[in-house]
Amino acid sequence: MSPKRVVVLQRPVDLDDVQAIEALDSMGMFGTARDLPEQCSRALDTAADVPLPAGGPFQNIVVTGLGGSAIGGDLLRVYAFTCLDIPVTVNRGYTLPRFAGPRTLVLAVSFSGNTEETLGAYNEARRRGAAIVAVTSGGQLAAQARRDGVPLITVPGGIAPRSAIGYLFLPLLMLLDRLGLVNGIEAEAAEAVRILRELRIRYDLEAPLTENPAKQMAMNLQGRIPVIWGASTTTEAVAQRWKGQINENAKAPAYWNVLPELNHNEIVGFQAPTDILHRIWLVFLRDPDDHPQVQKRFAVTREIVGKVVAGVSEVEASGKGLLARMFSLIYLGDYVSLYLACRYGINPGPVEVIDRLKSTLAKGE
Ligand code: F6R
């Protein structure tokens, strides 16, 4: 039997028609994007008074979460690469890696507090005697952490988890700062907030298509398959964030990968089928701190695949510190995904498929 196909024809929204966009955006996703710099400022305070977990010095850190609650862990892992003496692992599932034990710091992150995989991993961390800090806006995770006497970072709720990237990433860094594992986070975060405020003027709804790089990128990606390529240790988690945001906001496929790894496999897969390759739009996320050889690789890679695909865009991170650079690219991707939703006539907020899956699984069907 052939699969059932539901075809819904939506009308593209003019990206300069602010009223039409606001009418489509029932959950106020643009408003939350606009608020990101302020969210980042507030986020730093949420970890300020939380009791520090006992059990250090830690041998490793495991961030456990899913989707919008896991990507902060990936950003932390990338950030930690150059400045942390212990490994950070991101865990997306019901259990924990075998090495996790009493010398592990487990950061259990769930925006809703009700994601079953994260609750499972939290319970596993309790059984293993790991030190735990829970990060959530409420739900069962908050209730369990309170009951268990586990340090709890409470973040404001009422927005989509993926819109809470400031709340779900920066408190983790602040916590590590307070534990003496990293330093200078406040100054770096202040730079990130400043850069975000500058970029907001360029990317927000009021900036017309002719001058707005986020709107222009969305127009390029419309009708195309976005493939986002970053680089290991700099833009890796940001590339993954772009993909997730396009999936969840624009409800469209997108893929990501990193250099140099993709030069050893994915790059070969650009010879067939040509009709699909012609519909791919590549986005290169560039960071001034990319290894010099990786910078060359971006150029050579563009030469190799540039003619086969529909187009290639290169975007450069802004700012001095890694935090500002990561957030600058995240912000562009967030806005691009929202504008792309508008071009598809799709309400960026609701993620009915995720909700349906969660409730079906919860009912045990
Ligand atoms: C929805 C979103 C999802 C959720 C994920 C886990 O906006 O981003 O990826 O983050 O389903 O749910 P939480 O974050 O509540 O643990």
Side-chain angles (χ1 to χ4, degrees), residues 25-33 35-36 39 43 46 62-76 90-96 106-125 132-145 150 152-172 237-256 330-331 333-338 340-341 346-363:
D25 177 22
S26 70
M27 285 172 57
M29 298 293 284
F30 276 93
T32 322
D35 182 54
L36 185 64
Q39 179 190 130
T46 59
V62 175
V63 184
T64 193
L66 277 297
S69 291
I71 196 77
D74 290 301
L75 293 166
L76 183 72
V90 183
N91 185 64
R92 291 175 159 87
Y94 293 85
T95 57
L96 288 178
V106 173
L107 305 174
V109 188
S110 169
F111 188 71
S112 63
N114 293 323
T115 298
E116 63 174 35
E117 299 95 315
T118 312
L119 292 168
Y122 170 91
N123 286 323
E124 182 70 33
I132 310 174
V133 175
V135 183
T136 182
S137 69
Q140 291 178 56
L141 184 60
Q144 260 185 268
V150 160
L152 174 63
I153 296 177
T154 310
V155 300
I159 54 177
R162 61 189 182 282
S163 300
I165 182 89
Y167 289 142
L168 298 174
F169 170 40
L170 293 173
L172 310 185
V238 181
Q240 187 172 4
R241 165 80 178 178
W242 271 62
K243 171 233 182 304
Q245 290 294 85
I246 293 170
N247 296 152
E248 291 190 60
N249 290 337
K251 325 298 185 233
Y255 301 91
W256 72 283
I330 287 172
Y331 213 24
D334 284 7
Y335 270 106
V336 167
S337 67
L338 293 174
L340 188 57
I346 281 175
N347 183 351
V351 281
E352 280 148 24
V353 178
I354 298 177
D355 298 340
R356 200 182 332 135
L357 265 159
K358 283 185 180 179
S359 65
T360 307
L361 267 293
K363 279 188 239 145

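First listed ligand is number 1; within each ligand, the first listed atom is number 1. The residues of the chain are indexed from 1 along the displayed sequence.
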Closest non-hydrogen protein atom to atom 14 (O) of ligand 1, residue and atom name please, with distance?
Ser69 OG, 2.5 Å
For atom 7 (O) of ligand 1, find the nearest protein heavy atom and state the residue, atom name and distance (0.1 Å precision).
Arg162 NH1, 2.6 Å
Checking the side chain of Ser69 only, and the main-chain atoms of Phe111 only, is there a donor and an acceptor separated by less than 3.5 Å?
yes
Taking only heavy atoms of Ser110, which atoms of ligand 1 are found under 4.0 Å from at least one of them?
13 (P), 15 (O), 16 (O)
Going by distance alone, is a donor N or O of one side chain under 3.5 Å from an acceptor N or O of the other, for Tyr94 and Glu116?
yes
Just need the protein heavy atom nearest to atom 13 (P) of ligand 1, so name the residue and atom and give the distance.
Thr115 OG1, 3.2 Å
Looking only at protein heavy atoms, which one is nearest to atom 1 (C) of ligand 1, and what is the separation?
Glu248 OE1, 3.1 Å
Measure the distance from atom 10 (O) of ligand 1 to every protein heavy atom, then report the residue, atom name and distance (to 0.1 Å) of the closest one.
Gly68 N, 3.0 Å
Counting from 1, what ligand 1 atoms have a heavy atom of Ala160 closer than 4.0 Å?
7 (O)
Are any of the side-chain heavy atoms of Asp334 and Arg241 separated by less than 4.5 Å?
yes
Leu75 and Val238: CA distance, side-chain angles, deciding distance, side-chain contact (heavy atoms from CB on, under 4.5 Å) verdict:
CA-CA 7 Å; Leu75 293 166; Val238 181; 4.2 Å; yes
Can you find a pair of side-chain heavy atoms, one from Arg162 and one from Met29, that are under 4.5 Å apart?
yes
I want to check something: taking the side chain as every heavy atom from C-beta on, are Val155 and Val135 in contact at a cut-off of under 4.5 Å?
yes
Any idea which atoms of ligand 1 are less than 4.0 Å away from a heavy-atom of Leu66?
5 (C), 6 (C), 10 (O)
Can you check whether Asp74 reaches Arg92 side chain to side chain, under 4.5 Å on heavy atoms?
yes
Nearest protein heavy atom to atom 11 (O) of ligand 1, by residue and atom, and its distance?
Lys358 NZ, 2.9 Å
Provide the number and element of each atom of ligand 1 under 4.0 Å from a heavy atom of Ile354.
11 (O)
Do you know which of Val106, Leu119, Leu107 makes side-chain contact (heavy atoms from CB on, under 4.5 Å) with Thr64?
Val106
Any idea which protein heavy atom is nearest atom 15 (O) of ligand 1, and the distance to it?
Ser112 OG, 2.6 Å
In ligand 1, which numbered atoms sit nearer than 4.0 Å to a non-hydrogen atom of Gly67?
9 (O), 10 (O)
